[in-house]
Each structure stands twice: as C-alpha cells, then as structure tokens.
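Mind looking over this structure? Questions follow.
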Amino acid sequence: MYYTLYVEFIELKNHLKEKKLAPCYVCYGDDDFLLDRALTLFSGLAAEPKPFNFIDKEFASSRELTDELMQLPLLGDYRVVVARGKVDNVAIEKYLQTPNRAAVLVIPVYTPHDSWNKTAEPTVPKGGVGVNCNRLPYGQVTSFVTALCARTRSTADEKAVRLLYNKCGGYMSRINAETQKLAMLKAGGRITEEDVNEHVKPDTEFVVFELCDSILAGDPARALSIVDGMAKNNDLVAAFTLIYNRFRKIFAAAVDPDGLDGLGVKSSQVGKLKSEGVRYGKVRLKNVLDMLEHADYSYKTGATTVYDALTSFVATAAYTNK
C-alpha cells in the first residue's frame with residue numbers, strides 16, 4: 001500500500017493517536033522547534049525499554065538502517081527509528097514495499113531559514129508521509145503564547161503578540177524563549193507593544209523587511225538608522241541575501257505578476273508584492289537590484305567593508321526611490 005498523505009504539524013498529535021501509522025515519515029521544514037517537537041511526539045510511540053525501542057542516529061549505510069528497521073519491538077507495539085543525515089531514498093522505497101509494520105521510520109529534514117522563499121517540500125519515498133514543520137501562521141501561534149503567559153498569570157495584548165511574532169520571524173524557538181522572558185518580567189500583569197519593543201531584539205528578517213520598506217518609501221534617513229541598528233544586533237552578510245530575495249520578488253511581480261507561484265512565493269505575500277511591483281515599476285526596481293549586486297560584489301572582493309557596502313547601497317537606493 002502506498003501513502004501519499006501530507007500531515008501538518010498541528011495535526012500530527014491526533015494522527016499518531018489514531019494508530020493507523022505509515023511505516024515512514026519525513027519531517028521537514030524551516031522551524032527547528034517544530035521539527036524537534038515532532039520527533040518528541042514520535043518518540044512517544046516507543047514503549048520501554050526506550051534504548052531499544054527508540055533509535056536516533058545517522059546510519060553508515062542503507063543496509064544498517066534496514067537491518068535496524070526489521071527488528072521487532074520489546075514490550076510494545078512500535079519501534080521508532082530516526083534516521084538523520086543523508087538517506088538512500090531508493091533503498092528506503094524498496095524496504096517500504098514490504099515494511100516491518102511494527103517499525104516507524106522517521107527522517108528529519110532541516111531546511112534553511114528564509115523569510116521570502118517558501119521552503120520546498122523534500123522527496124517523500126513512496127509509502128511514506130510528509131510532515132510539514134514549516135513556520136506556523138500567526139493564528140496558530142496565539143494560543144501557544146497565551147498558554148505560556150498563563151503560567152505566570154500574565155496576559156498579552158493582541159498587538160503585542162502580533163509584534164512578537166513578527167520580531168521573531170515566526171520561528172517558534174524564539175517565540176517560546178521571548179514569551180517566557182516577557183511573562184516572567186510581567187508576571188501577574190499585561191504584556192504590551194512597548195514591552196515587546198523594549199525587551200525583544202528583532203530578528204534579522206524582520207529588520208530587513210523594515211529596511212526594504214524604507215528604501216521603497218524613499219526614506220534614506222530611516223533606512224540608514226535601521227542599518228546602524230543592524231550593525232549592532234544583526235548579521236549584515238545574511239541581510240544582503242534577504243534584501244536581494246525581496247527585491248527580486250518585487251521585480252518579478254512587476255515583470256510577470258502571474259508567475260509568482262513558480263518562484264515559491266507564499267500566498268500571503270503575493271498581494272503585497274504585486275502592489276509594490278506596480279507602484280515602483282520595472283526600471284526603478286531593476287536599478288535597485290543592480291546597485292545591490294554592485295554593493296555585494298564590493299564587500300566580497302574586499303574593496304570595502306560589509307557595513308560600508310550596505311550603507312552606500314541603502315543611501316543611494318532610498319534616494320533613488322524618492
């Protein structure tokens with residue numbers, strides 16, 4: 001029997017309770033927190049003795065992996081095998097043709113963080129199930145934040161939660177840590193936007209989004225002040241990639257508005273990109289991309305520092321867009 005199912009992370013707990021398990025799951029996504037939580041849920045399928053019934057390692061060969069999968073569990077229904085690193089999909093598909101129904105193979109695939117590119121789904125072997133562990137939308141995070149705040153009898157304004165989500169780039173690992181910090185600081189009280197601005201350092205992706213908006217708005221003073229803040233708190237090299245990604249998407253929207261799906265643009269971003277593409281036009285956006293490529297080349301060849309290259313680009317690009 002071949003499975004073609006994809007499960008969202010928020011559905012995984014109930015899916016595993018149904019006990020109608022596939023022999024293989026590929027957990028993929030750009031949120032390490034969700035991926036690790038997914039692996040924890042799978043580990044719950046394995047009964048004691050855990051050291052035998054739950055294996056988590058990188059296997060030296062596909063033969064070693066399949067030999068592990070063919071063993072029966074001790075004192076339980078399932079044996080869970082987490083295979084890290086590179087795996088041989090051909091060998092796995094061959095195993096899945098006649099799998100050990102008492103074994104559950106879990107393959108974690110950690111993918112890069114990139115706010116403006118939709119994470120591509122990895123290849124799921126025939127007979128397996130994909131588990132989507134990409135960042136959760138805002139609406140699915142609010143209850144998590146509320147529950148964490150309740151531990152210290154604190155609450156959070158809706159605007160504060162929205163700002164927290166954005167400042168953390170939507171990544172649950174940061175949202176979890178920052179919420180716990182704010183909840184302790186405001187124990188028994190209410191967390192506001194001011195609290196989030198004061199105590200939560202913005203993620204590089206969030207700052208880059210603000211920076212690009214300032215450039216497009218033709219506000220060089222605001223853009224340069226953001227760069228100065230980034231120099232103290234953020235990765236300027238990563239910023240170049242993120243800035244380029246966003247302007248590339250806007251330019252694509254100006255050239256071919258109907259072709260954004262092919263670039264992996266998230267559905268929630270399509271409308272904004274199209275409106276920006278129309279507003280700023282192909283020529284102006286192409287000039288911005290050319291300036292960015294020149295700045296990127298300058299610091300990579302050692303002609304200038306990454307800070308000076310970014311400052312020069314931002315000042316010129318923002319002035320051009322006035």
Side-chain angles (χ1 to χ4, degrees), residues 6-17 25-44 56 82 84 106-122 129-152 154-187 191-193 195-210 233-235 238 242 245 264 266-269:
Y6 279 81
V7 177
E8 297 295 327
F9 170 80
I10 59 170
E11 302 169 347
L12 181 60
K13 189 173 183 179
N14 288 334
H15 172 80
L16 296 180
K17 285 180 179 178
Y25 292 86
V26 178
C27 299
Y28 66 92
D30 61 6
D31 195 317
D32 296 353
F33 182 89
L34 297 184
L35 260 163
D36 291 340
R37 288 291 289 269
L39 296 181
T40 298
L41 289 174
F42 278 107
S43 72
D56 185 343
V82 177
R84 296 186 180 270
V106 183
I107 304 171
V109 180
Y110 294 85
T111 52
H113 300 171
D114 184 342
S115 181
W116 290 287
N117 280 320
K118 182 175 65 178
T119 304
E121 296 175 355
V129 172
V131 181
N132 184 353
C133 295
N134 284 312
R135 280 171 287 179
L136 297 174
Y138 169 74
Q140 294 176 7
V141 173
T142 52
S143 60
F144 177 85
V145 173
T146 300
L148 282 181
C149 290
R151 295 179 183 178
T152 63
S154 59
T155 56
D157 292 341
E158 193 278 332
K159 290 183 179 179
V161 179
R162 171 70 72 174
L163 181 59
L164 175 67
Y165 177 87
N166 290 335
K167 277 200 166 191
C168 294
Y171 293 113
M172 286 298 295
S173 54
R174 279 211 66 203
I175 293 171
N176 177 55
E178 298 294 350
T179 300
Q180 291 190 56
K181 178 178 71 178
L182 290 167
M184 290 297 295
L185 290 171
K186 302 290 288 188
I191 300 168
T192 65
E193 279 186 292
D195 297 317
V196 176
N197 276 321
E198 180 180 356
H199 298 292
V200 179
K201 184 181 79 172
D203 186 89
T204 299
E205 295 176 356
F206 175 71
V207 181
V208 165
F209 195 89
E210 287 191 308
N233 301 312
N234 300 101
D235 184 348
L242 294 170
N245 281 342
K266 297 176 182 177
S267 58
S268 59
Q269 298 169 351

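In this text, all values refer to a predicted model and were calculated from it rather than measured experimentally.
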Problem set entry | Smallest separation among heavy atoms of C149 and I191, with atom names | SG-CD1, 3.8 Å
Problem set entry | D195 vs L185 side-chain heavy atoms within contact, under 4.5 Å | no
Exercise. If we only count heavy atoms from C-beta on, is the V82 to P108 side-chain gap below 4.5 Å?
Worked result: yes
Problem set entry | Under 3.5 Å side-chain donor-acceptor pair for N197 and E193 | no
For this session: Enter the distance from K186:NZ to T155:OG1 here, rounded to the nearest 0.5 Å.
Result: 9.5 Å
Problem set entry | Worked verdict on V106 versus C27 for side-chain contact (heavy atoms from CB on, under 4.5 Å) | CA-CA 7 Å; V106 183; C27 299; 3.9 Å; yes
Exercise. Going from CG on N166 to CD on E205, what distance comes out if it is rounded to the nearest 0.5 angstrom?
Worked result: 11.5 Å
For this session: Give the minimum heavy-atom separation between T152 and S154, together with the two atoms involved.
Result: OG1-OG, 2.9 Å
Problem set entry | Nearest non-hydrogen partners of F9 and C133, listed with the distance | CD1-SG, 4.2 Å
Exercise. Can you tell me if K181 uses its side chain to pair, donor with acceptor, with the backbone of H199 under 3.5 Å?
Worked result: yes
Exercise. What about Y25 and F42, are their ring centers closer than 6.0 Å?
Worked result: yes
Exercise. Taking D31 for the side chain and M172 for the main chain, is one N or O donor matched with an acceptor at less than 3.5 Å?
Worked result: yes
For this session: Answer yes or no: is there a side-chain heavy-atom contact under 4.5 Å between S173 and D32?
Result: no
Exercise. Taking side chain as C-beta onward, heavy atoms only, is F206 less than 4.5 Å from L163?
Worked result: yes
Exercise. Does some side-chain heavy atom of V131 sit less than 4.5 Å from a side-chain heavy atom of V26?
Worked result: no
Exercise. Quick one: does NZ or CZ of R135 land under 6.0 Å from the six-membered ring centre of Y171, within 45 degrees of the ring axis?
Worked result: yes
Exercise. Quick check: are there more than 12 heavy atoms from other residues, nucleotides or ligands sitting under 6.0 Å from CZ of R84?
Worked result: yes
For this session: Heavy atoms only: give me the nearest L39-Y110 pair and the separation to one decimal.
Result: CD1-OH, 4.0 Å
Exercise. Going from OG1 on T179 to CZ on R151, what distance comes out if it is rounded to the nearest 0.5 angstrom?
Worked result: 10.5 Å
Exercise. Within a strict 4.5 Å, meaning less than it, do heavy atoms of the L148 and N176 side chains meet?
Worked result: yes
Problem set entry | Atom pair SG/NZ of C168 and K201 - distance to nearest 0.5 Å | 11.0 Å
Problem set entry | Straight-line distance of N132 CG to L12 CG, nearest 0.5 Å | 11.0 Å
Problem set entry | side-chain contact (heavy atoms from CB on, under 4.5 Å) between L34 and N134, intermediate numbers included | CA-CA 8 Å; L34 297 184; N134 284 312; over 6 Å; no
Exercise. Do E11 and E8 have side chains that get closer than 4.5 Å, going by heavy atoms?
Worked result: yes
Problem set entry | Value rounded to 0.5 Å, distance of CD1 in I175 from CZ in F33 | 9.5 Å
Problem set entry | Side chain proximity check, D203 to K167, heavy atoms < 4.5 angstrom | no
Seminar exercise, completed: Heavy atoms of L35 and G29 approach each other most closely as CD1-O, 3.7 Å
Problem set entry | Evaluation steps, side-chain contact (heavy atoms from CB on, under 4.5 Å), between Y165 and V161 | CA-CA 6 Å; Y165 177 87; V161 179; 5.5 Å; no
